[in-house]
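Residues: numbered from 1 along the sequence shown. Quick note: numbers below take in every heavy atom, side chains included, and nothing from hydrogens, waters or symmetry partners. Indexing begins at 1, ligand by ligand and atom by atom, following the structure's order.
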Amino acid sequence: MKLDEFGLIRTLTARVPVTGPHVVLGPGDDAAVLEALPDERVLATSDTMVQGPHFLPETMAPFDVGYKAVAASISDIAAMGGEPRHVLIALGIPSSIEVDFMESIYDGVGQICREYQCTVVGGDVVRTDGPLFINTTVLGATSRPPLKRSGAQPGNLVFVTGYVGSAAAGLDVLRSSSITAKEDAAFLTAAHQRPKPQVAAGQIFSLEGATSCDDISDGLASELNEIANASNVRMRIQTQRIPIHTAVRNLARVRGTDTLDYAFYGGEDYQLVGTASPFQFARILARCESIGISVQQIGRVEAGDGVVAEFPDGRLDVISAKGYNHFAE
Ligand SMILES: Nc1ncnc2c1ncn2[C@@H]1O[C@H](COP(=O)(O)OP(=O)(O)O)[C@@H](O)[C@H]1O
Ligand SMILES: Cc1ncc(C[n+]2csc(CCOP(=O)(O)OP(=O)(O)O)c2C)c(N)n1
Ligand SMILES: [Mg+2]
């Protein structure tokens with residue numbers, strides 16, 4: 001690394017939006033100064049991506065690392081039904097890394113910030129003797145009641161946005177030499193490298209009174225169990241309703257793996273899973289469809305606990321919270 005800490009900060013912040021709505025003072029002082037609006041509540045979330053567990057040179061270009069790190073935190077704001085606004089980024093950089101590598105990471109940060117109208121208002125840079133890491137804090141706001149994991153009620157419907165399982169299938173494609181059609185590989189690797197947080201969907205869910213919501217970072221099984229536990233209910237999922245892209249089905253066939261494993265246990269889809277009464281769900285569906293967001297009912301909420309999958313042949317199976325877990329054996 002040829003630049004010193006301050007030179008690097010100048011170079012990086014020049015590549016991303018640093019001024020925008022609600023920013024009184026951006027990077028450069030001891031703290032950013034942000035406007036707080038009287039009828040709003042602030043949402044705050046933080047995530048870290050480390051080279052090794054989260055990305056490898058063969059799975060993610062530096063641009064993707066920056067893009068996905070911010071996407072993961074924007075997704076948490078989406079899951080609360082809020083509007084993401086401000087981003088703080090802490091970097092741990094090994095001394096072997098070159099400046100242009102960090103610039104590419106920041107080009108990815110800049111791209112997603114522009115796509116979601118977010119501003120980078122601060123951060124931190126340290127040298128590390130361990131692997132590269134990037135920590136992202138995203139601040140958002142909402143004037144509506146936030147969507148929690150704890151409001152699901154028996155009689156509610158369970159639904160997800162988009163497709164699930166694509167990002168994990170993309171990781172398989174990137175890490176192995178499976179034979180995949182070019183279009184399938186392109187779709188799956190994009191799902192892994194450039195997830196699109198469902199901010200508009202989350203806002204519609206909260207506007208239309210969804211009773212719970214979570215974003216899918218650790219896999220559908222893990223997130224459904226989180227909602228079931230927090231709400232003291234059982235989720236009954238009809239497996240044939242789960243939206244799984246043909247590219248995932250094709251890959252599972254070639255690899256002899258189970259398509260449903262990608263959806264339940266894969267993670268990193270950054271789609272939303274939520275619950276609502278049938279009446280509210282009809283309104284959510286209509287609003288989402290009118291702006292081109294796909295939402296699919298995958299099951300219903302019952303009295304009880306845990307998550308149960310119902311297969312097309314009528315077989316039932318308990319779906320445990322097994323998903324991506326950093327400290328699992
Ligand atoms: N080191 C920590 N200190 C305080 N709270 C934490 C810490 N790590 C995680 N949490 C909180 O625990 C909850 C669950 O974390 P996590 O599983 O990472 O959520 P998510 O999948 O939404 O990122 C979150 O509310 C998060 O803010
Ligand atoms: C090289 C590599 N191995 C494994 C994975 C899979 N993976 C890493 S983290 C993760 C889950 C999400 O990350 P986490 O830090 O648990 O995010 P959070 O739930 O806190 O949002 C998954 C599925 C990956 N993306 N890259
Ligand atoms: Mg987290």
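- Test D172, V173, T180 against R255 for side-chain contact (heavy atoms from CB on, under 4.5 Å) and you get one pass: D172.
- For the pairing with M235, the side-chain contact (heavy atoms from CB on, under 4.5 Å) check across I298, V308, V273, T275 returns one residue only, T275.
- Using a 4.0 Å cut-off between a side-chain N of Lys or Arg and a carboxylate O of Asp or Glu, E310 and R300 do not qualify as a salt bridge.
- In terms of N/O distances under 3.5 Å, ligand 2 is approached by D218.
- Of all atoms in ligand 2, numbered sequentially from 1 with element shown, those under 4.0 Å from a heavy atom of G266 are 23 (C).
- Within the 4.0 Å heavy-atom criterion, the part of H192 lying near ligand 2 is the side chain and not the backbone.
- In the hydrophobic cluster analysis, where Ile, Leu, Val, Met, Phe, Trp and Tyr join through side-chain heavy atoms closer than 4.5 angstrom, I204 is grouped apart from Y116.
- Looking at H54 against ligand 2, both its backbone and its side chain come within 4.0 Å, counting heavy atoms.
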Please tabulate, one pair per line, all N/O donor-acceptor pairs under 3.5 Å involving side-chain atoms of residues 123-132, not counting sequence neighbours.
{"from": "R127", "atom 1": "NH1", "to": "D129", "atom 2": "OD1", "distance (Å)": "2.5"}
{"from": "T128", "atom 1": "OG1", "to": "G130", "atom 2": "N", "distance (Å)": "2.9"}

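- Near L171, meaning under 4.0 Å from any of its heavy atoms, are these atoms of ligand 2: 4 (C), 5 (C), 6 (C), 24 (C), 26 (N).
- When only interatomic distances are considered, the shortest N/O to N/O separation between D218 and ligand 1 does not fall below 3.5 Å.
- The ligand atoms of ligand 1 that sit less than 4.0 angstrom from a heavy atom of S217 are 21 (O).
- The aromatic rings of H22 and H86 sit perpendicular to each other, their planes meeting at more than 60°, with 30° as the lower class boundary.
- Where the criterion is an N or O separation shorter than 3.5 Å, residue side chain and backbone included, E226 fails it with respect to ligand 1.
- Each salt bridge (Lys or Arg N to Asp or Glu O under 4.0 Å) pair with one or both residues in residues 18-33, not counting sequence neighbours, would appear here, but there are none.
- Residue R149 places a heavy atom under 4.0 Å from ligand 1.
- Assignment of A168 to the shell around ligand 2 is not supported, since no heavy atom sits closer than 4.0 Å.
- Residue T59 has no N or O atom closer than 3.5 Å to an N or O atom of ligand 2.
- With a heavy-atom cut-off of 4.0 Å, D76 does not touch ligand 2 at all.
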Task: Derivation and outcome, side-chain hydrogen bond (donor to acceptor under 3.5 Å, both in side chains), residues Y163 and Q296 - done: CA-CA 9 Å; Y163 291 107; Q296 168 76 43; over 6 Å; no
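- Listed by number with element, the atoms of ligand 2 under 4.0 Å from a non-hydrogen atom of S217 are 11 (C), 12 (C), 18 (P), 19 (O), 21 (O).
- Interface atoms of ligand 1 facing D47, defined by a heavy-atom separation under 4.0 Å, are 23 (O).
- A side-chain donor-acceptor contact under 3.5 Å links R144 and S206.
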- [ ] List the steps, then state whether ring pair (Phe, Tyr, Trp, His ring centres under 6.0 Å) holds for F55 with F133.
- [x] CA-CA 10 Å; F55 60 91; F133 69 83; over 10 Å; no
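- Under the 4.5 Å side-chain criterion, counting only non-hydrogen atoms from C-beta, L56 is in contact with R175.
- Neither the backbone nor the side chain of D214 has a heavy atom within less than 4.0 Å of ligand 1.
- When non-hydrogen atoms are compared, ligand 2 lies under 4.0 Å from the backbone of P53 (N, CA, C, O) but not from its side chain.
- Atoms of ligand 2 found under 4.0 Å from any heavy atom of L56 (numbered from 1 in listed order, with element): 1 (C).
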